[in-house]
Amino acid sequence: MAKRTITPRSEDYSQWYVDVVLQAQMADYAPVKGCMVIRPNGYAIWEKMQAALDGMFKETGHQNAYFPLLIPESFLHKEAEHVEGFSPECAVVTHGGGKPLEEPLVIRPTSETIIWAMYKKWIDSHRDLPLLYNQWANVVRWEMRTRLFLRTTEFLWQEGHTAHATEEEAEEETLRMLGIYRKFAEEYMAMPVICGRKTEKEKFAGAVRTYCIEAMMQDGRALQVGTSHNLGQNFAKAFDVTFQDEQGQRQYVYATSWGASTRLIGGVIMTHSDDDGLVVPPRLAPLPVVIVPIWPKEELRPTVLEGIDKITRDWRDLKFHVDAREGYKPGFKYNEWEIRGVPIRVEVGPRDLEKEQVVFVRRDNGEKIFVPASEARAKIDEVLNAIQTNLFENARKRMEDRTVVIDNYEEMKRLNEENSGFFWAHWCGDRACENRLQEETKATIRCLPFDQRKEPGKCLLCGKPSSERVLMAKAY
RNA sequence: CGGGGCGUAGCGCAGUCUGGUAGCGCAUCUGGUUUGGGACCAGGGGGUCGUUGGUUCGAAUCCAAUCGCCCCGACCA
């Protein structure tokens, strides 16, 4: 039996990531460049994510709907910034049924245009508002450079599209959804995030304001894991969507959109996994517990399995799997389940049965815990919670350790080169400085963070006055 | 689009420089012994060497063209 090996993070972080994804069988490369197959081990995590997010969307009054994949090319051209931003990365269908189409159809890169074309039909009165729709869908963006989960030509996501009577309501919705993403990232993914607003340069094409959550990966680089846009009246004007207010006046509708994608899976991998493979936070683990029976002699197999059966009789509310495969040694099974990131491995052998105990092994820190069999079920919940907390705490510490408040550009360049990480630095607000930062350091302004005290200072690049710090980092 | 790498068995690779009719590891199949951290022994099956054309008595190997994928940059969730 050969050892499959995962490239250590210290040797090559990118290769480590690819090794984990492929060996944990989360995804595989598809025949078309930039496309991937999401395999059951990866898709099951997506389903857990969907369930959690979908629940939170519904709790806040949103409904799911589905809009078509194909969008008339002309729709994209109705909003000037939008077309400029998305045209270069659109896949376009030019033929159908063996004949050239009268109008080419783009495969949605995002659905604002087709949705607002429909909203025009559905919105007429202030009584029709707010309209709070979400859809779970696939989109296609023809990216130059792709990476499994983090950036693929086709990806899965959810996109919320809401319509409101007032600017204030739209802004409130935009921030509410950002808050949901933050909650999801922290409580489910065990991934701390920085919330903030994007710069004009980085905002969504067609938005008035874009908010985002940014997480730090283990190599110190940033990953944008969710965005929420206040679209103002831009799309309402482009698609002529108006409503009659209570005074009988016609007004343009205010819009928001917000999305999170299968990139979240890449984020969770890059945040918690280690050189032994995947580590999945318990709240997202499709399989939280695996039981590996141990029989030193073949004759003991039935006894051990019966013992496990007895111990787990009252575990009906827990998802677990007994790996009773014959012909594989326990060590092989341990390694396999470690690569797949199962949070708790339970070992049960004849010696344990004699002592009426089981052995837990934690995936996050390798700790072995001996537990009386009668207390095992309760202990599992306790340990799962501990793992969830520990993963978050580790990620939080790492982010803290690799975040520096900085006022010296040369020093920032040096640290960024050596170690990447997050930099809190002053910025004058000038696009020229923002461009220069990117050219010279490959870092970008990730956002203007919410959580900070306003303080006067000088722009890291040009020295002109600045009123607050921004978050700079190299990003995926 | 620029730079780099690679297409040979299901997977990972050697063989290419110096042409002679394809090999290794893993996986797989059969039988047996094993099973508390990636088991061992024996036997078996599996490849028009990415594609096309050329040179040659003979091409995985030399020449030309072409297609594709991966990695690094510019663009981006």
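Heavy-atom basis, side chains included; hydrogens, waters and symmetry copies ignored. Below, chain A is the first sequence line, B the second, and so on; all start at residue 1.
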How would you list all residue pairs meeting salt bridge (Lys or Arg N to Asp or Glu O under 4.0 Å) that involve residues 349-364 of chain A, not counting sequence neighbours?
A:D274-A:R363, A:R362-A:D364, A:R362-A:E367
Return the set of residues passing salt bridge (Lys or Arg N to Asp or Glu O under 4.0 Å) with A:E439 (not counting sequence neighbours), or none when no residue passes.
none
Remember a base hit wins even if backbone is also touched, and classify A:T152 as base, sugar-phosphate or nothing at under 4.0 Å, heavy atoms.
base
Does a side-chain N or O of A:K333 approach OP1 or OP2 of B:G38 to a distance below 4.0 Å, or not?
no
Run the ring pair (Phe, Tyr, Trp, His ring centres under 6.0 Å) test against A:H272 and tell me which residues pass, sequence neighbours left out.
none
Parallel, tilted or perpendicular: which fits the ring planes of A:H321 and A:W337, with parallel below 30° and perpendicular above 60°?
tilted
What is the distance from OH of A:Y17 to C1' of B:C70, rounded to the nearest Å?
15 Å
Grab the CD1-P distance between A:I6 and B:G38 for me, whole Å please.
17 Å
Ignoring the backbone of A:W295, work out which of B:A74, B:U28, B:U35 is nearest its side chain.
B:U35
Heavy atoms under 4.0 Å, any strand shown: does A:Q224 hit a base, just sugar-phosphate, or nothing?
sugar-phosphate
Touch check for A:E298, heavy atoms < 4.0 angstrom, all strands: base, sugar-phosphate only, or nothing?
base
Touch class at under 4.0 angstrom, heavy-atom based, for A:T110 against every strand present:
nothing
A:T256 side chain to A:T162 side chain, donor-acceptor N/O pair below 3.5 angstrom
yes
When the P atoms of B:G37 and B:G20 are considered, how many whole Å apart are they?
49 Å
Under the salt bridge (Lys or Arg N to Asp or Glu O under 4.0 Å) rule, what pairs show up with a residue in residues 204-228 of chain A, not counting sequence neighbours?
A:E167-A:R209, A:E171-A:R209, A:K198-A:E214, A:E214-A:R446
Measure CZ/A:F332 against C1'/B:C26 and give the value in whole Å, please.
11 Å
Whole-Å gap separating P (B:C75) and OH (A:Y476):
17 Å
Sequence-distant partners of A:F184, ring pair (Phe, Tyr, Trp, His ring centres under 6.0 Å), two or more places apart:
A:Y188
Test A:M270 against every option in A:L223, A:L150, A:V20 by the side chain to side chain contact (heavy atoms under 4.5 Å, CB included) rule and name the one that passes.
A:L150
When all nucleic acid strands are considered with a 4.0 Å heavy-atom cut-off, which category describes A:R147: base, sugar-phosphate, or nothing?
sugar-phosphate
Atom CD of A:E299 to atom C1' of B:U35: distance rounded to whole Å?
11 Å
Provide the distance between the two P atoms, one in B:C49 and one in B:G44, to the nearest whole Å.
26 Å
Counterpart residues, side-chain hydrogen bond (donor to acceptor under 3.5 Å, both in side chains), relative to A:R436 (two or more places apart)
A:E440
Does A:W157 or A:V18 map to a spot on RNA chain B nearer the 5' end, using the closest nucleotide for each?
A:V18
By nearest-nucleotide position on RNA chain B, the 5'-leaning member of A:K442 and A:F155 is A:K442
Sugar-phosphate, base or nothing in reach of A:L150, heavy atoms under 4.0 Å
base
Mark yes or no for a side-chain to base donor-acceptor pair under 3.5 Å between A:E336 and B:G37, with no hydrogen or angle criteria applied.
no
Tell me: CZ of A:R345 to P of B:G36, nearest whole Å?
13 Å
Heavy atoms within less than 4.0 Å of RNA chain B: which residues of residues 179-209 of chain A have one? Give them sorted by number.
none
I'd like a table of atom pairs between the protein and nucleotides 66-69 of chain B - only N or O on both sides, under 3.5 Å - with the distance next to each one.
{"residue": "B:C69", "atom": "OP1", "partner": "A:K33", "partner atom": "N", "Å": "2.7"}

Salt bridge (Lys or Arg N to Asp or Glu O under 4.0 Å) partners for A:D430, two or more places apart
A:K464
Integer angstrom distance from the P of B:C13 to that of B:C6
11 Å
When the C1' atoms of B:G47 and B:G12 are considered, how many whole Å apart are they?
15 Å
Side chain of A:Y334 only, please: which of B:G37, B:U28, B:G73 is the nearest?
B:G37
Quickly work out the A:K297 NZ to B:U33 P distance and round it to whole Å.
16 Å
For A:T210 and A:H229, test the side chains for any donor-to-acceptor distance below 3.5 angstrom and give the result as yes or no.
yes
How does RNA chain B look in dot-bracket notation if pairs are Watson-Crick or G-U with both distances under 3.5 Å, crossing ones as [ ], other-strand ones as |?
((((((((.[[[[.)....(..]]]].((((((.....)))))).....[[[[[..)....]]]]])))))))....
Against the side chain of A:M144, the closest entry in B:U28, B:G38, B:A74 is B:A74
Taking only residues two or more places apart in sequence or in another chain, which ones pass side-chain hydrogen bond (donor to acceptor under 3.5 Å, both in side chains) with A:W136?
A:D54
Would you please indicate yes or no on a ring centroid separation below 6.0 angstrom for A:Y409 and A:F423?
no
Contact list please: residues 347-377 of chain A against RNA chain B, heavy atoms, distance less than 4.0 Å, in numerical order.
A:E347, A:G349, A:P350, A:R351, A:D352
Examine distances only and state if a side-chain atom of A:H82 and a backbone atom of A:A205 form a donor-acceptor pair shorter than 3.5 Å.
yes
Distance check, C1' atoms only: B:A59 and B:G46, in whole angstrom units.
24 Å
Rounding to an integer number of angstrom, what distance separates B:G32 and B:U48 when you compare their P atoms?
33 Å
Once you round it to whole Å, what is the distance between P of B:G12 and CG of A:D19?
12 Å
Say we look at B:A60 and B:G19: how far apart would their C1' atoms be, to the nearest angstrom?
10 Å
Can you check whether A:Q438 has a side-chain N or O nearer than 4.0 Å to OP1 or OP2 of B:C75?
yes
Is a salt bridge present between A:R345 and A:D276, judged by a nitrogen-to-oxygen distance below 4.0 Å?
no
I want to verify a distance call: between B:U35, B:A74, B:A39, whose nearest atom is closest to the A:P330 side chain?
B:U35
Take A:N416 and A:K442 through the side-chain hydrogen bond (donor to acceptor under 3.5 Å, both in side chains) test and state the conclusion after the steps.
CA-CA 9 Å; A:N416 182 55; A:K442 303 214 171 86; over 6 Å; no
Rounded distance in Å between the P positions of B:U16 and B:C11:
23 Å
Would you check if the distance from the ring center of A:W46 to the ring center of A:F149 is below 6.0 Å?
no
